[in-house]
Amino acid sequence: MRVEWVLLLAFPAKAAKLKPYLKKSEVQSFPPQALESATSRGPGTAGREDIMSLPFEPQSGPVSLEALRHSVSHIMADAVLRLFPEGKVAIGPPIEHGFYYDFELPRPLTEEDLPQIEAKMTELLKQAGEFQYSRLSRAEATKRLQDAGQPYKVELLADIPEGEDITFYDHGTWSDLCEGPHVESAGQIPKDGFRLLSVAGAYWRGDANNAMLQRIYGTAWWSKKDLKKYLVYLEEVQARDHRKLGREHDLFSLHPKFGAGLVFWHPKLGHVRRELEAWWWQLHDQAGYWPVYTPHVAGEPVFEQSGHLQNYSEMIWAPMDVDGHPHRVKPMNCPGHVTIFNSRRHSYRDLPLRFAELGTVYRYEPSGTLHGMLRVRGFTQDDAHIFSTPGQLEDEIVGVLDMVHTILTTFGYQYTAYLATRPEKSLGSDEVWEHAMNALKAAAARRQLPLQDDPGGGVFYGPKIDFKMRDALGREWQGPTVQVDFNLPDRFDIKFNDADNELKRPVMVHRALFGSLERFVGGLIEHFAGWWPLWLHPNPVVVLPIGSDQESAAGDYRNQIAAAGFRAEIRTDGPLRKRIRDAELEKIPYMVVLGGREVEQGVLNLRVHGVKEQRSLTMADFLAYLRDRRDQKSLDY
RNA sequence: GCUGCUGUAGCUCAGUGGUAGAGCACCUCCUUGGUAAGGAGGAGGUCACGGGUUCAAGUCCCGUCAGCAGCUCCA
């Protein structure tokens, strides 16, 4: 296992120099022994170090950044109403990294309007003066807002409960019903620290039945430098957009002729997926899951029995007629798994039974929500269902937590777990909820996994733990989930014969680790941005013979690399400089250069992606190095 | 689904009512190059689709589809 690393370690890949995004103090403590490796490796993929430190929220101003952003949103509203005096204002809060304000305006805004609004804001900043706070009686406030012709504000005011303070914040000639807090004076707002970013529609009060207002998003910081840093961060986010990378690196495509929201996995991403799936099955074999395969289509009665048709009919693809009976493409794998369970009588000795399937499902997502690979209409869930006795539940959940940890840390994701408790509308007795909640909590405690609260966030059929993961850019993604289900066991009347010869109801657990392969891999594209770890990399090695004299030797080298299980491609198109450049742009980790010298000495010249210096080494050392990196699932090259 | 914007070559984009363009990619030839772009030539388009206005539509209008920014939704 120990190889001659010394030479190789002299040129760590670019990614290895990067600091992990999260500070140690912010990092999960679960399980402690795994923490060190997960954080010290970092996501292994980054671009620039300053970007990796985002999102940053410097608190260097006289008041909080939130107050600054809130104040800038007022200035913006003031500016917009000066340009559109008949406009109506709704709400304008600070949000993460910025703010927005909602308006009803006589004409639709476009992004071309933003510079003009910004110019007006700059002008207003000079005259705005103090931010004055005042408390008004309800009658005074109502009159003020009615006189101003601001019906949305009047509505907001009416919703403030009796007894609570009604406050206004004024600057210059602007007066706004608002809780604050704000900056003390406009002079505290840096005139080159804000930027308007986009316009979009937004429903009044977030309700799709209400009027659609126009929302302007902006960002604000205490200095031009911070603003710049944030804008660079936004550029990096754009550059990593999986749709853009998907085109540039030939990873996937979508085709309206086949249908919106249906993903085509191209060869390179197909390789990534196959490697992921192979590993996934390996983990599931180790954890005692059985593979199952269930039909993609089922007669409607199946989904009536499961309840999906009644509760989610608008999300299920339209029925197709088969021999006069309506059938549906499956939106879920669980009915199939339950059907397998129910196909024979089970003893308590059979339990727990763990069924796993990479099950492709179709859901009719609204057209406006489709988004590359991240929100689609056909996707493959890495689905599993565990049928256990109530007493086994806790152990089973611990098993899932371990798999979650293995998977997320392997990719360098930080994660947070949320315990979603009973919602108002829900099924099941207090006792079963209590039992399931306790099992979830106890399992988390056994793994020292801190649980954040998500009160009422459970599904109607049972409580769950959801995982949010943080990627290389510090963005949060919806991650794995483990859910206890009290509904399907009843609906399908599943039973096992217990030791006392009584028929009892098993507990059913749904869990997904990737969630959907499409979404997870789409996220990986953005997380790794082309820097796939070696074990997943579709093009890990290119062999570059310098001249045609080395071409036959190149074939030889390539075959040795391929025999070791790594894809390797020989490229002879054009001068070496061009081929090096192409390989660098494609983020190919290892460039094996062969000239007369190398062939003569039986060595190869290795250039690692992002590292200008090269080294000579033997094929045996190179392959040992590759195998080690692959087997460790290293995030660095 | 809703509001707004967009749809021109494989990609990125120019083209403001009068004969469809550029760069990259691709193909052919030349070049055999020692670590981030060697040179020349060529091919490639039903200007998303359907309808309308006009002597004339990539360009103006309407509709459909798809994409984009959000909103709502996501068992």
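Every chain is numbered from 1, with letters handed out A, B, ... down the list of sequences.
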Between [X] and [Y], does any side-chain N to carboxylate O distance fall below 4.0 Å?
| X | Y | result |
| --- | --- | --- |
| A:D493 | A:R505 | yes |
| A:R243 | A:D241 | yes |
| A:R107 | A:D113 | yes |
| A:R205 | A:D159 | yes |

Check: [N] base within 3.5 Å donor-acceptor of [X] side chain:
| X | N | answer |
| --- | --- | --- |
| A:N209 | B:U72 | no |
| A:Y364 | B:G1 | no |
| A:R579 | B:A36 | no |

Could you tell me how far [M] sits from [N] if I compare only their [atom1] atoms? Round to whole Å.
| N | M | atom1 | value |
| --- | --- | --- | --- |
| B:U6 | B:C61 | P | 10 Å |
| B:C5 | B:G10 | P | 28 Å |
| B:C55 | B:C71 | C1' | 47 Å |
| B:G67 | B:G52 | P | 28 Å |
| B:U31 | B:G23 | C1' | 23 Å |
| B:G50 | B:A57 | P | 14 Å |
| B:U19 | B:U64 | C1' | 31 Å |
| B:G21 | B:C65 | P | 33 Å |

Categorize [X] for me: base, sugar-phosphate, or nothing, with a 4.0 angstrom heavy-atom threshold over every strand shown.
| X | value |
| --- | --- |
| A:Y100 | nothing |
| A:G368 | base |
| A:G307 | nothing |
| A:Q478 | nothing |
| A:E111 | nothing |
| A:L213 | nothing |
| A:Y217 | sugar-phosphate |

Between [X] and [Y], is there a donor-acceptor pair closer than 3.5 Å when you use the side chain of the first and the backbone of the second?
| X | Y | value |
| --- | --- | --- |
| A:R195 | A:T219 | no |
| A:Y637 | A:I588 | no |
| A:H242 | A:M373 | yes |

So does A:R607 get a side-chain nitrogen or oxygen closer than 4.0 Å to the phosphate oxygens (OP1/OP2) of B:A36?
->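 Yes.
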With distance as the sole criterion, is a donor-acceptor pair present between the side chains of A:T294 and A:E357 under 3.5 Å?
->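 Note: A:T294 and A:E357 side chains meet the donor-acceptor criterion.
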Report the residue (A:V199 or A:Y203) whose heavy-atom-nearest nucleotide on RNA chain B is the more 5′ of the two.
->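 The answer here is A:Y203.
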How do A:K464 and A:T110 order along RNA chain B: which one's closest nucleotide is nearer the 5' end?
->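 Taking each residue's closest nucleotide, the earlier one in sequence belongs to A:T110.
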Answer yes or no for A:R377 and A:Y364: cation-pi contact, defined as NZ/CZ to six-membered ring centre under 6.0 Å and angle to ring axis within 45°.
->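 The answer is yes; both the distance and angle limits are met.
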So which protein nitrogen or oxygen atoms get under 3.5 Å of nucleotides 65-68 of chain B's nitrogens or oxygens?
| from | atom 1 | to | atom 2 | distance (Å) |
| --- | --- | --- | --- | --- |
| B:C68 | OP1 | A:R243 | NH1 | 2.6 |

Between the protein and nucleotides 8-11 of chain B, which nitrogen or oxygen pairs come in under 3.5 angstrom?
| from | atom 1 | to | atom 2 | distance (Å) |
| --- | --- | --- | --- | --- |
| B:C11 | O3' | A:R247 | NE | 3.4 |

Qualifying residue, where the test is side chain to side chain contact (heavy atoms under 4.5 Å, CB included) with A:Y362 and the options are A:I316, A:L262, A:V376 =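 Answer to the side chain to side chain contact (heavy atoms under 4.5 Å, CB included) test with A:Y362 among A:I316, A:L262, A:V376: A:L262.
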Taking both distances under 3.5 Å as the test for a Watson-Crick or G-U pair, what stems of at least three pairs does RNA chain B have?
->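 Expected stems, ordered by start: B:1-7 with B:65-71, B:10-13 with B:21-24, B:26-30 with B:38-42, B:48-52 with B:60-64.
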Scan nucleotides 23-28 of chain B against the protein and return all N/O pairs shorter than 3.5 Å with their distances rounded to 0.1 Å.
none

Does the ring center of A:F103 lie less than 6.0 Å from the ring center of A:Y101?
->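 Judged by ring-centre distance (under 6.0 Å), A:F103 and A:Y101 do meet the cut-off.
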Please enumerate all protein N or O atoms sitting under 3.5 Å from an N or O of nucleotides 40-46 of chain B, with distances to 0.1 Å.
none

Pairs in or reaching into residues 583-593 of chain A: which pass side chain to side chain donor-acceptor pair (under 3.5 Å), with residues at least two apart or in two chains?
->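 Only A:R571-A:E586, A:E584-A:R607, A:E584-A:H609 qualify under side chain to side chain donor-acceptor pair (under 3.5 Å).
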What's the verdict on ring-ring contact (aromatic ring centres under 6.0 Å, His included) for A:F264 and A:F258, showing C-alpha distance, side-chain angles and the deciding distance?
-> CA-CA 10 Å; A:F264 288 72; A:F258 273 72; 4.7 Å; yes
Only one of A:F194, A:Y217, A:Y230 clears ring-ring contact (aromatic ring centres under 6.0 Å, His included) with A:H97; which?
->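 The passing option is A:Y230.
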